[in-house]
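Model, not experiment: these values are computed from the prediction.
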Amino acid sequence: FAKATLAGEPIDVYNEGNMVRDFTYVSDIVENIFRLLPHPPQPNTEWDSAQPDPATSSAPYRILNIGNSAPVQLMEYINALEAALGIEVKKNLMSMQPGDVPATFADVSSLEAITHFRPSTPVKEGVRRFIEWYKSYYKVEETVGS
């Protein structure tokens, strides 16, 4: 979205923007991974293939959601992008994409129980930090209004 917007190109916005997503800032993901390192998964000795628990196994693995647990409207995300860039995002409003879902939400209760950490960077802050990094990394000139 940032690259297209800075190039003056439109972004595809499915379901005409009527989507809810659980955006997670990358530093929150890294923090959780770092906190998981001292807690390697253990095999579930009670695992039963006749009644499997899909989050565990007789092998040492587990499935955890890493998310912000604070879904926001896609248009709120796009508004945060506009504010961080200081320019309006050109939107190509489209119908719902086949196979997509209108909303996502990460249940991080299992992750939080292990790591004692819950991702919490708000979308506006995460987008602002991302745009700062993006402009620095790609050596993007400041835009009008930034």
Side-chain angles (χ1 to χ4, degrees), residues 1-37 39 41 44 47-146:
F1 283 3
K3 181 179 179 182
T5 299
L6 288 167
E9 299 169 359
I11 62 169
D12 291 341
V13 180
Y14 292 100
N15 202 29
E16 298 184 3
N18 296 311
M19 308 284 272
V20 177
R21 291 292 182 258
D22 197 352
F23 295 99
T24 309
Y25 187 60
V26 68
S27 290
D28 286 344
I29 295 169
V30 171
E31 179 67 23
N32 265 300
I33 292 170
F34 178 76
R35 288 174 178 242
L36 282 168
L37 291 174
H39 306 282
N44 178 353
W47 195 85
D48 178 4
S49 62
Q51 296 179 328
D53 171 3
T56 67
S57 169
S58 58
Y61 86 90
R62 75 179 152 245
I63 298 173
L64 299 166
N65 277 329
I66 298 180
N68 201 14
S69 284
V72 298
Q73 293 287 331
L74 178 58
M75 295 309 290
E76 182 180 335
Y77 175 86
I78 293 171
N79 291 341
L81 184 63
E82 289 175 326
L85 289 171
I87 55 179
E88 184 177 348
V89 172
K90 294 177 183 174
K91 298 166 217 58
N92 181 21
L93 299 178
M94 303 176 69
S95 60
M96 186 69 140
Q97 185 172 258
D100 204 348
V101 294
T104 62
F105 177 80
D107 176 359
V108 297
S109 55
S110 296
L111 176 71
E112 189 175 12
I114 297 166
T115 64
H116 306 291
F117 177 77
R118 180 181 207 89
S120 62
T121 303
V123 166
K124 281 185 179 181
E125 178 66 16
V127 170
R128 184 191 63 75
R129 289 183 198 168
F130 167 74
I131 293 301
E132 284 178 4
W133 169 85
Y134 186 94
K135 285 180 173 181
S136 173
Y137 187 81
Y138 290 104
K139 301 183 182 7
V140 174
E141 296 294 322
E142 287 299 311
T143 54
V144 176
S146 291

With the threshold set at 4.0 Å, does a side-chain nitrogen-carboxylate oxygen contact exist between E82 and K90?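 Here E82 does not pair with K90 in a salt bridge, since their nearest N and O are not under 4.0 Å apart.
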Please verify the inter-ring angle class for Y134 with Y138; under 30° counts as parallel, over 60° as perpendicular, anything in between as tilted. tilted
Mind checking whether Y77 and F23 have parallel, tilted or perpendicular rings, split at 30° and 60°? parallel
Nearest 0.5 Å please: distance from the [atom1] atom of [X] over to the [atom2] atom of [Y].
X: Y14; Y: M96; atom1: OH; atom2: CE; answer: 11.5 Å
X: L81; Y: R128; atom1: CG; atom2: CZ; answer: 13.5 Å
X: L64; Y: E112; atom1: CG; atom2: CD; answer: 12.0 Å
X: D12; Y: M94; atom1: CG; atom2: CE; answer: 4.5 Å
X: I131; Y: S136; atom1: CD1; atom2: OG; answer: 12.0 Å

Donor-acceptor pair, distance only, cut-off 3.5 Å: does the side chain of K3 make one with the backbone of F1? no
Could you check whether D28 and T121, counting side-chain N and O atoms only, form a donor-acceptor pair closer than 3.5 Å? yes
Any donor-acceptor pair under 3.5 Å linking the side-chain atoms of T104 with those of D22? no
Does a side-chain heavy-atom distance below 4.5 Å link [X] with [Y]?
X: F117; Y: F34; value: no
X: V89; Y: V13; value: no
X: K135; Y: L85; value: yes
X: L111; Y: L36; value: yes

Run the side-chain hydrogen bond (donor to acceptor under 3.5 Å, both in side chains) test on N32 and T115 for me, step by step, so that the C-alpha distance in whole Å, both residues' side-chain angles and the decisive distance to 0.1 Å come before the verdict. CA-CA 7 Å; N32 265 300; T115 64; 3.2 Å; yes
Nearest atoms (heavy-atom pairs only) where [X] meets [Y]:
X: N15; Y: M19; answer: CB-SD, 3.4 Å
X: D100; Y: R21; answer: OD1-NH2, 2.8 Å
X: A80; Y: V123; answer: CB-CG1, 4.3 Å

Would R129 count as a cation-pi partner of Y25, with NZ or CZ less than 6.0 Å from the six-membered ring centre and within 45° of the ring normal?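 Satisfied, under 6.0 Å and within 45°.
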Is the NZ atom of K124 crowded by more than 12 outside heavy atoms at less than 6.0 Å?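 Counting other residues, nucleotides and ligands, NZ of K124 stays at 12 neighbours or fewer.
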